[in-house]
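Report on one structure; see the data block that follows.
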Amino acid sequence: MPYKKNLILDFHALIQNQTDLKLTEHVVLTWAYEAAWDGTLEPLEDDGIRYYCFTPKGVRDALPTLKIKTDRGIRKIIEKLVKQDLLVPHYNRQGIGAYYAFSPITQKLFKGS
Amino acid sequence: MKNQKQTDNTYKKRINLDFEAVIRQGISLKLDEHAILGWAHDFARSGKNKSIKEGEIEYFWLQAKKCRQDLPALEIKSDRGIQKKLEKLVNAGFLIPHPNRKGLGAYFAFSGIAQKIFENTCILPNESQLHHLPGLESRKKQLFELIGEISKDRTIVLSNNEQFFDILIETLLGQRKIDRSDIEQFIEATSYSCSHNNIVKDNIVIDKTYTLSKEKEEKEIFESKEQIFTAVQEEEKEENVLLKKEHCQAGVNDHEKLNKDLAALEKNVKAMEARELERQKEASANTQVLLSKMAAMEKRMATLEARELERQKETAKTNESLLNRINALEKKASVTPTNENQKVKEEIYSEKQSTQVSEKDKSVAKEMPQNKPAPSGQQESKHLVNPVPSKEEVIQIFTEEGSTVTMAEKYFSDNLSLIQEGLISEATVRRNALSAAPADTTQASANQAEQKPENTAAKDAARQHETYHLAQETYEAFNILPSKKELGNLMQQISNIQQERDLSIQQMRQNLQMYQRFIQTPGVTTNYSLKNWLTIEGNGYGRDWSKDLDRVQKKQDYQRKKEMGQIMYTSYQQDFEPATRPDWY
């Protein structure tokens, strides 16, 4: 996967929605959203919800400037985003893999973009 | 960030991170540093901050506080943290600080590397890219519908972008028709009002954060500029106040420092004075102690001197009395028959020994106070010890001893110097007179003259007889049958030893007998040869062998007792069993 060349971080949206995110988490989320919309990530539609596969390798390849050396580090960031209800994991994650959907909060964050 | 108020619009709303530029140039830049650098670039080009242009380089005022306010997402809690980040950017070569940074403040210029990072910033995507944007088509439809509602009569072709923008601009300008050139002018005019951040390669970037109405935007810009200006003024004021305070404090500090130094010096001087006084006290105490010791020593010396004087006087008195006694004995010896001569001589000998000892003591006593002046009584004591005879006395002694007056005069003239120095006493003079007395003397001493040579001859005969016997006994002791010559030689050697070691024949004989008994006792291995006996190495006649004999006898008794079983050794009791070693030992 080619690296992400340009990324616009919308702090205003974060503040407006009172979302507390670290810079790396913000970058990962933004990349994930843009990657989902520009067709980089293939969607899996289930029950009217689109899920996207965020593999740690894909994140690391797309965002090398984050300098996260292990997949575990990426997984931790994704887990944090899940905990903050920004990403919704697929209910059969163990069966199908690391598929996540964007929560309404995330959609609200990127609504203006 | 949660605490950030919604109404607070001082933060940076959007930031563009160009990863491509970073990766292409092989720059190592952390995410937060990248964000700060992006903020700095946007802030510098926004025209909201101060700048200094020096030659071709433009330095921008990048305040840490402002950065922290603009980027709350970084969660940097202090200005110092931002300053550190800026320092890192300086060290990495992205920012160039102003040479007079201390004087002016936090003014930085963007280096060539930083410029390259921001070359591609905010590129407006081309049409092909726009088509791929998510939701673009639906938004466009919505917009066209909206414009169609407004324009009513017009039909809008979706594929024609130029027509779309024309209608849009016309709608915005209140249905007023305009030419393309007007639109370009309008675009150019609006582009000038935008920040530099929104112009890249003659393209307009419509940032949604700044999509307010023109008036609002201007008002906002004016307000923000005013705010910044007032903030800057306040900061400057604060800085001035701080500087003044610092100056005042520095002045006060200088005075305080001087006062402190002075106080410290005074303290040191006082401490030194106290130490000096203590030292003086110690020195005076030491001198007093030394003086007292000196006085005690002087007293002791005086008492010792007094005692020495007394002792000298006593020795002089005893010597005098002994000399008198020797003289009397000598006189007596000259009168007494030959059988008793030996006893008398022995007495004289013993007396002489004692006098010699006392004279030795005296010599030692003389040596002791070498550096001191001779005490007044010493000359007298010397005179007493060796009474110096006058010429008349010498003549008298000589006449008494049967010599002539001429001989006495001759003796006196020959030994005048010795007599004057006190080295020749009356006794020696008398002895010499006796030896010098001729056989035929004057009539007055005719009887005495006859008796004296007989006495001396008898003495010599007795002495020779004794030495002869001693020589015989000696040869017997060493199991040697001597010839007459050997006997004569031994007699000569005995007489020599007698003179050398001041030994009497009796003493020598006693020692020889003791030695004989000693070597005869069983267990004794000592056995001198006659040669060794006679030399000083074996101590021969001069050694008291009785001690050795006693020692050997005691040893013999002990061994005899031991053999007889009289010595009881301590032994263990029968019921006592000594400790046995364990099996493992």
Side-chain angles (χ1 to χ4, degrees), chain A residues 1-41 43 50 52 59-69 73-74 77 80 84 102 105-113, chain B residues 1-36 38-39 42 69-76 117-118 120-125 129-136 139 205 207-211:
Chain A
M1 191 186 282
Y3 65 86
K4 183 72 181 170
K5 292 178 182 174
N6 201 358
L7 210 63
I8 295 165
L9 300 177
D10 192 353
F11 298 121
H12 183 61
L14 283 182
I15 290 161
Q16 290 290 320
N17 290 291
Q18 294 186 342
T19 310
D20 186 19
L21 277 180
K22 283 185 180 176
L23 204 62
T24 42
E25 291 162 11
H26 193 187
V27 167
V28 169
L29 189 68
T30 311
W31 165 81
Y33 192 81
E34 285 191 9
W37 281 106
D38 66 8
T40 313
L41 302 171
R50 281 188 171 187
Y52 299 92
V59 178
R60 279 174 63 202
D61 289 344
L63 300 167
T65 50
L66 293 184
K67 294 175 183 176
I68 296 166
K69 290 174 185 174
I74 300 291
I77 291 167
K80 277 187 180 178
Q84 286 193 318
F102 295 103
I105 304 164
T106 314
Q107 284 177 359
K108 203 177 172 185
L109 282 173
F110 296 103
K111 197 181 178 181
S113 60
Chain B
M1 207 151 83
K2 275 180 181 175
N3 299 328
Q4 192 86 24
K5 287 176 186 175
Q6 284 186 7
T7 52
D8 189 3
N9 291 331
T10 54
Y11 56 84
K12 178 77 179 166
K13 289 172 182 171
R14 282 188 177 188
I15 199 157
N16 190 7
L17 300 176
D18 190 355
F19 297 128
E20 191 185 12
V22 172
I23 290 161
R24 272 189 186 173
Q25 291 184 49
I27 297 162
S28 176
L29 199 64
K30 284 182 181 175
L31 199 63
D32 50 353
E33 288 166 7
H34 195 178
I36 288 166
W39 164 83
D42 288 351
Q69 281 174 356
D70 280 2
L71 298 169
L74 295 180
E75 294 178 3
I76 295 168
I117 291 169
F118 299 111
N120 299 323
T121 308
C122 300
I123 297 167
L124 191 70
Q129 284 175 327
L130 275 169
H131 285 298
H132 290 291
L133 282 172
L136 183 70
R139 284 181 197 177
V205 177
D207 194 344
K208 284 181 183 176
T209 51
Y210 299 110
T211 53

Side chain, backbone, both or neither: which part of B:Leu17 has a heavy atom under 4.5 Å from chain A?
both

Less than 4.5 Å to any heavy atom of chain A: does that hold for the side chain of B:Ile27, its backbone, both, or neither?
neither

Scan B:Lys12, B:Lys13, B:Arg14 and name whichever one has a salt bridge (charged side-chain N to carboxylate O under 4.0 Å, His left out) with A:Asp10.
B:Arg14

B:Phe19 and side chain to side chain contact (heavy atoms under 4.5 Å, CB included): which single residue from A:Asn6, A:Leu66, A:Leu63 fits?
A:Leu63

Which value, rounded to the nearest 0.5 Å, describes the distance between B:Ile15 atom CD1 and A:Leu7 atom CG?
11.5 Å

Report the distance from atom CG of B:Leu31 to atom NE2 of A:His26, rounding to the nearest 0.5 Å.
10.5 Å

In chain order, what residues pass the side chain to side chain donor-acceptor pair (under 3.5 Å) check against A:Lys67, with sequence neighbours excluded?
B:Ser28

Quick one: list whatever passes side chain to side chain donor-acceptor pair (under 3.5 Å) with A:Lys80, sequence neighbours left out.
none

